[in-house]
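Have a look at the structure below, then the notes.
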Amino acid sequence: MKRLKKTSRGPWTGKEKWGCQGEKVRKQNEKDHTGEQQKTEHSTHSERKRRDSFGMFDGYDSCSEDTSSSSSSDESEEEVAPLPSSLPIIKNNGQVYTYPDGKSGMATCEMCGMVGVRDAFYSKTKRFCSVSCSRSYSSNSKKASILARLQGKPPTKKAKVLQKQPLVAKLAAYAQYQATLQSQAKTKSAVSLEGFSWGNYINSNSFIAAPVTCFKHAPMGTCWGDISENVRVEVPNTDCSLPTKVFWIAGIVKLAGYNALLRYEGFESDSSLDFWCNICGSDIHPVGWCAASGKPLVPPRTIQHKYTNWKAFLVKRLTGAKTLPPDFSQKVSESMQYPFKPSMRVEVVDKTHLCRTRVAIVESVIGGRLRLVYEESEDKTDDFWCHMYSPLIHHIGWSRSIGHRFKRSDITKKQDGHFDTPPHLFAKVKEVDQSGEWYKEGMKLEAIDPLNLSAICVATIRKVLADGFLMIGIDGSEAADGSDWFCYHATSPSIFPVGFCEINMIELTPPRGYTKLPFKWFDYLRETGSIAAPVKLFNKDVPNHGFRVGMKLEAVDLMEPRLVCVATVTRIIHRLLRIHFDGWEEEYDQWVDCESPDLYPVGWCQLTGYQLQPPAPQTSRESQSGSSKQKKKAKSQQYKGHKKKRKMPVGKKPVSLSSLPMTGGVRRSLSGDEELTPPPYRTLPAQTAPEAFPPPSTSREFSPSLKTGN
């Protein structure tokens with residue numbers, strides 16, 4: 001093992017000789033240490049380098065065209081005052097590291113430029129961070145000379161002959177870099193005119209967003225940790241004219257879901273260069289990543305002359321600060337792996353007949369959301385969107401096992417490549433004991449209308465299935481044969497005991513045609529000769545969900561479930577959330593459970609590549625609200641019917657539970673293999689033949705969203 005003796009300050013110039021002391025050390029190491037021990041020492045020093053160094057790039061000035069001052073790493077070391085022995089320094093995992101003595105300081109490796117704790121460096125002179133750098137310094141003069149130029153040091157004699165070619169290549173790379181920046185600037189400006197920016201939307205209105213921890217089904221929902229304001233990260237430095245990609249440390253100023261407002265270290269209270277980014281993006285790293293990856297840390301151009309010793313500045317600012325866990329990017333990647341794959345077969349609710357299920361094939365998976373194509377659809381346009389944890393999908397054979405209606409497919413055998421989804425991949429429901437007091441047919445309750453999610457209606461249990469499942473019908477608007485019954489589990493948060501709305505001051509929608517208003521449950525039960533379902537049978541669990549009124553999020557429009565929209569929590573009743581779609585009238589609001597897989601944090605669409613629907617434009621809002629406001633009267637107990645669906649962009653086919661053409665009559669059957677048509681009095685406007693539409697964009701870039709309007 002070779003150790004070098006430093007005979008002069010500054011970089012090596014080729015005149016230095018091997019010192020006798022270094023020769024003795026080399027011979028002693030060859031005698032006393034085996035190859036295995038050398039390997040262990042190398043590994044130990046490399047580990048220290050990854051843990052304790054900042055990766056500070058010390059030669060910004062040498063590569064900048066409008067600066068003339070530069071200093072060597074040795075001169076910078078002299079400016080760093082001795083640090084107290086108890087000074088805590090940030091580590092990659094957010095914990096702190098205390099130096100064991102009072103002689104601690106920072107050192108710069110003369111080979112790779114790594115900056116780290118002096119005590120962790122190799123050799124007595126602390127010139128190299130590891131054994132490999134010490135050897136490479138003497139055997140690879142070309143790399144050493146390039147590093148010397150970048151750090152503003154004179155190159156060695158051997159490197160002078162190599163100086164011309166790298167300089168030309170450097171200038172060419174710089175020119176290409178500038179051209180790329182100009183191209184990116186043009187692209188960004190074009191997108192920003194038509195796209196939607198969560199950052200601008202939140203900043204301009206002082207909104208708050210629901211934290212990621214509110215969404216257990218979303219990526220990082222269960223392992224977000226204590227990421228909050230003031231957490232430090234390493235991000236690309238965009239305020240820089242260097243031809244290569246460099247980084248700098250930034251702190252989180254504000255957090256909105258996955259999105260964070262960042263400010264570069266050194267700007268103090270200056271917000272002129274603050275920027276929003278997705279904290280789960282590929283360019284966001286914990287402090288120490290640059291050091292471990294050999295990436296340079298370069299202060300922003302705007303403040304490069306603010307401090308003479310940036311290393312001392314970082315040590316001071318990062319003392320005791322928190323950063324991302326070292327395995328953060330790995331956790332993000334793992335949390336975005338989904339077990340459902342294309343070609344899997346499932347049973348899903350028939351969007352044209354809610355009382356039954358059909359077989360569908362997983363066509364694509366985006367962020368855990370499934371595009372399901374019904375098995376009989378030859379052109380693959382008859383589809384349905386839902387999350388993989390949705391209560392609307394089940395394993396093959398589920399309907400038969402509980403006694404649910406099922407439409408048998410005309411396809412007698414599975415197509416090549418299609419296979420049944422394993423049952424364990426589906427969301428589990430809570431086991432219930434049906435042997436004692438249990439729900440019975442004819443019992444009354446209150447339930448969210450699946451065809452009008454803004455309304456909680458008077459409902460009746462029409463059929464009791466196995467495993468705790470119930471068929472529910474909305475009083476006054478159901479078909480005689482039950483073709484519009486809907487399946488809810490007994491523990492579903494969408495069904496409530498009699499009196500729930502009255503207690504929580506929610507408007508209850510009475511049966512259509514019921515004239516005794518205001519509606520009173522006592523009178524209604526007496527008139528119909530029915531009883532209320534026992535209160536103790538309902539789900540009373542209320543988790544500490546963390547939602548607050550006014551929080552922003554991204555939510556699925558369940559009446560058109562392929563759309564994910566900008567939304568706001570406007571009311572919270574225990575675990576029930578009232579979701580308002582920004583830019584639309586309140587009649588489009590929807591009641592959703594706090595643990596619904598159709599709610600996502602701000603930035604989810606950008607992270608997964610799904611297309612986000614922005615708030616409706618002002619012109620569309622005024623147009624669509626003009627007629628509705630004229631019709632608004634005092635609150636009435638009259639049945640309001642199904643809500644008018646939003647108008648979609650031309651050529652786009654809405655996929656919704658409310659898109660069924662409700663006409664004609666049906667025969668009662670439990671097999672569900674005959675053609676069924678709904679009753680005539682739940683009619684919706686007829687639609688033209690549906691057109692094929694592409695699924696939401698799978699690009700990881702933020703793409704302009706669909707415009708909606710009248």
Side-chain angles (χ1 to χ4, degrees), residues 348-355 369 384-387 389-393 445-459 470-478 484-489 492-496 500-501 504 506-512 539 547 553-600 613 616 624 628 635 639-648 654-660 662 678 682 684 708:
V348 63
V349 64
D350 187 344
K351 66 181 181 181
T352 60
H353 299 83
L354 304 184
C355 65
R369 295 197 64 77
F384 183 79
W385 281 91
C386 68
H387 193 271
Y389 295 145
S390 170
L392 301 178
I393 61 172
L445 70 165
E446 299 175 4
I448 297 176
D449 186 350
L451 297 180
N452 180 10
L453 296 171
S454 67
I456 299 179
C457 307
V458 174
L470 311 169
M471 296 303 294
I472 307 294
I474 303 299
D475 284 20
S477 59
E478 55 183 314
D484 57 355
W485 296 348
F486 192 77
C487 184
Y488 280 124
H489 192 264
S492 170
S494 297
I495 58 175
F496 317 96
F500 174 83
C501 286
N504 294 285
I506 301 174
E507 182 180 0
L508 176 66
T509 301
R512 187 193 329 192
N539 182 9
F547 286 102
L553 69 162
E554 298 177 3
V556 175
D557 180 355
L558 294 172
M559 302 309 292
E560 291 164 3
R562 69 179 179 86
L563 300 181
V564 179
C565 311
V566 174
T568 307
V569 178
T570 57
R571 193 174 179 189
I572 301 175
I573 306 295
H574 306 304
R575 62 181 301 148
L576 198 62
L577 308 180
R578 180 82 170 180
I579 302 299
H580 172 74
F581 297 103
D582 290 18
W584 296 94
E585 289 294 301
E586 292 182 1
E587 63 181 276
Y588 297 109
D589 291 1
Q590 297 177 0
W591 288 108
V592 182
D593 182 61
C594 64
E595 294 181 346
S596 168
D598 296 304
L599 303 178
Y600 307 102
Q613 301 297 311
Q624 61 105 8
S628 61
K635 287 187 177 180
Y639 181 79
K640 298 180 180 179
H642 298 302
K643 302 301 180 185
K644 179 182 177 183
K645 295 193 300 174
R646 303 179 197 175
K647 292 189 176 180
M648 296 299 302
V655 183
S656 69
L657 293 176
S658 61
S659 62
L660 48 129
M662 300 286 191
R682 285 177 72 88
L684 290 178
T708 54

Verify whether one side chain among Ser454 and Asn452 offers a donor that lies under 3.5 Å from an acceptor in the other. yes
Looking just at side-chain N and O atoms, do Asp557 and Gln590 make a donor-acceptor pair shorter than 3.5 Å?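 Yes, side-chain donor-acceptor contact under 3.5 Å.
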Backbone of Ile448 reached by a side-chain donor or acceptor of Tyr488 within 3.5 Å: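 Checking the backbone N and O of Ile448 against the side chain of Tyr488, a donor-acceptor pair under 3.5 Å is found.
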Could you tell me if the side chain of [Y] sits less than 4.5 Å from the side chain of [X], heavy atoms only?
X: Asp589; Y: Ile579; answer: no
X: Phe496; Y: Asn504; answer: no
X: Leu508; Y: Phe500; answer: no
X: Leu599; Y: Val592; answer: yes
X: Val349; Y: Phe384; answer: yes
X: Thr509; Y: Ile474; answer: no
X: Val458; Y: Glu446; answer: no

To the nearest 0.5 angstrom, please state how far the [atom1] atom of [X] sits from the [atom2] atom of [Y].
X: Trp584; Y: Gln613; atom1: CH2; atom2: CD; answer: 9.5 Å
X: Ile495; Y: Ile456; atom1: CD1; atom2: CD1; answer: 12.0 Å
X: Leu553; Y: Cys565; atom1: CG; atom2: SG; answer: 10.5 Å
X: Met471; Y: Glu478; atom1: CE; atom2: CD; answer: 10.5 Å
X: Leu577; Y: Arg571; atom1: CG; atom2: CZ; answer: 12.0 Å
X: Leu470; Y: Phe486; atom1: CG; atom2: CZ; answer: 12.5 Å

Ring-plane angle category for Tyr389 and His387, please: parallel below 30°, perpendicular beyond 60°, tilted otherwise.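 Rings of Tyr389 and His387: tilted, 30 to 60°.
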Carefully, step by step, assess Asp475 and Arg512 under the rule side chain to side chain contact (heavy atoms under 4.5 Å, CB included). CA-CA 7 Å; Asp475 284 20; Arg512 187 193 329 192; over 6 Å; no
Is it true that Arg369 and Asp598 make a salt bridge, defined as a side-chain N closer than 4.0 Å to a carboxylate O?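 Salt bridge: yes.
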Could you pull out the closest heavy-atom pair between [X] and [Y], with the gap in Å?
X: Glu586; Y: Arg578; value: O-NH2, 3.9 Å
X: Asp484; Y: Ser477; value: OD2-O, 3.0 Å
X: Ile472; Y: Ala459; value: CG2-CB, 3.7 Å
X: Phe581; Y: Ala567; value: CD2-CB, 4.2 Å

Quick check on Phe547: does its CZ atom have over 12 non-hydrogen neighbours (other residues, nucleotides or ligands) under 6.0 Å away?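 Buried by this count: over 12 neighbours within 6.0 Å.
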Could you please spell out the steps behind the side chain to side chain contact (heavy atoms under 4.5 Å, CB included) verdict for Trp591 and Leu576? CA-CA 7 Å; Trp591 288 108; Leu576 198 62; 3.5 Å; yes
